[in-house]
Amino acid sequence: MEFVFHLTDYNDPALEEETVRLLTQRLEAHSRKTMPGVWKATDSLHAYAAKGPGREKRRTRYRIYGVILIALGIFVLVPGLAEPGTPVLTGTGIFLIFSGFVEFALVRKRRPPKPPASCRKEAAKLLEQRRSIDWTRPENRTELRFDGEGMSIYAGEETKRVPYADMTSVFETENLWLLLYGAEQAILLQKKDLAVGESEGFKPYLLEKMEKGKEIP
């Protein structure tokens with residue numbers, strides 16, 4: 001089995017919000033991995049709230065949960081901001097404080113929480129870079145091929161190979177996948193660019209191959 005992408009323009013306006021959501025997913029997944037204890041407590045609070053009584057009785061609970069989450073966020077954020085600075089602690093603290101304010105917002109009305117400003121800024125930067133490329137020019141034509149061994153990137157006359165063992169995460173929205181590999185490298189893939197293979201099977205295929213790649217010494 002293989003999946004092949006031929007990259008085209010990233011001009012769809014819908015990609016802006018979807019890219020923000022992808023980066024928000026990445027931020028949460030990273031903070032969950034590095035701060036499991038904090039997230040276990042956060043998930044317990046949300047699970048307990050979901051089992052509670054009607055809206056009228058939940059308002060006090062939302063306020064209490066908001067205070068606890070903000071306090072947790074400040075507790076994590078302060079050491080993260082101290083010299084020399086710890087990005088993981090800083091990101092997790094900001095996310096928890098943000099979640100606390102969401103709980104206060106639920107007292108009035110349920111609305112989808114706004115993503116952190118850092119994710120929106122990073123998404124704009126990523127899309128700007130993608131949109132600055134004319135993918136129709138021969139020197140910019142790029143093909144990505146996923147086969148049994150890994151990912152091959154054919155860009156112009158250059159070829160790059162990335163084994164599944166080097167891939168760390170993959171996130172998905174309606175029109176996009178965000179694939180992370182190496183230390184800080186990421187590829188934003190559009191579902192419309194998938195030329196070979198079925199989109200429904202791409203993420204499960206990647207996850208399976210990435211898991212097997214971890215088992216190889």
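Quantities reported herein were computed from a predicted structural model and do not represent experimental measurements.
With rounding to the nearest 0.5 Å, the separation of CG in L15 from CG in L22 is 9.5 Å. Rounding to the nearest 0.5 angstrom, the gap separating the NE2 atom in H6 from the CG atom in L194 is 10.0 Å. Rounding to the nearest 0.5 angstrom, the gap separating the NZ atom in K121 from the OG atom in S118 is 9.5 Å. Note that CG of N175 and CD of Q190 are 8.0 Å apart. Values are rounded to the nearest 0.5 Å. Here T24 contributes atom OG1 and E17 contributes atom CD; the two are 9.5 Å apart, rounded to the nearest 0.5 Å. Rounded to the nearest 0.5 Å, atoms CE (M167) and CG (L180) are 11.0 Å apart.
Around NZ of K192, the count of heavy atoms belonging to other residues, nucleotides or ligands within 6.0 Å exceeds 12. Surrounding CD of Q185 are more than 12 heavy atoms belonging to other residues, nucleotides or ligands, all under 6.0 Å away. Surrounding CD of E174 are more than 12 heavy atoms belonging to other residues, nucleotides or ligands, all under 6.0 Å away. Within a 6.0 Å radius of NZ in K203, other residues, nucleotides and ligands contribute more than 12 heavy atoms.
Side-chain contact check for S152 and R161: at least one donor-acceptor pair (N or O, by modelled atom type) lies under 3.5 Å.
In this structure a side-chain-to-backbone donor-acceptor pair under 3.5 Å is missing from D147 to E2. Without hydrogens or angle criteria, T142 side chain to A155 main chain gives no donor-acceptor distance under 3.5 Å. R131 contributes a side-chain N or O that, together with a main-chain N or O of Y10, makes up a donor-acceptor pair within less than 3.5 Å.
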task: Would you sort out whether D134 and D9 count as a side chain to side chain contact (heavy atoms under 4.5 Å, CB included), showing the intermediate values?
output: CA-CA 7 Å; D134 183 355; D9 67 80; over 6 Å; no
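Linking ILVMFWY side-chain heavy atoms closer than 4.5 Å, directly or via other members, places V20 and L188 in two distinct hydrophobic clusters. When the side chains of ILVMFWY residues are joined at heavy-atom separations under 4.5 Å, either directly or via intervening members, L176 and L207 end up in a single hydrophobic cluster. Under the 4.5 Å side-chain heavy-atom criterion for Ile, Leu, Val, Met, Phe, Trp and Tyr, V4 and V170 are members of distinct hydrophobic clusters. Residue L127 is grouped with residue F171 when hydrophobic side chains (ILVMFWY) are merged at heavy-atom distances under 4.5 angstrom, including chains of intermediate members. A continuous path of ILVMFWY side-chain contacts below 4.5 Å connects M210 to M151, so both sit in one hydrophobic cluster.
Here the side chains of F202 and P204 are not in contact, with every heavy-atom distance at 4.5 Å or above. Side-chain contact between F146 and L189 is present, with heavy atoms from C-beta onward closer than 4.5 Å. You'll find the side chain of F3 stays beyond 4.5 Å of the side chain of V196, heavy atoms only. Two residues are said to be in side-chain contact when any heavy atoms from C-beta on lie closer than 4.5 Å; I153 and I187 meet this criterion. Within the 4.5 Å cutoff, no side-chain heavy atoms of F5 are placed close to those of E143. A heavy-atom distance below 4.5 Å is not found between the side chains of S169 and R26. Side chains of R120 and L23 form no contact here, defined as non-hydrogen atoms less than 4.5 Å apart. Between T173 and L178 there is no side-chain heavy-atom pair separated by less than 4.5 Å.
Ion pairing between a basic and an acidic side chain is recognised when a charged N comes within 4.0 Å of a carboxylate O; R141 and E139 show no such pairing. Salt bridge annotation for E18-K191: absent, with no cationic side-chain nitrogen under 4.0 angstrom from a carboxylate oxygen. A salt bridge is absent between R21 and E172: the closest approach of a Lys/Arg side-chain nitrogen to an acidic carboxylate oxygen does not fall below 4.0 angstrom.
Taking every heavy atom of both residues into account, W135 and T8 meet most closely at CD1-O, 3.4 Å. When all heavy atoms of P116 and L27 are compared, the pair lying nearest together is CG-CD2, 4.0 Å.
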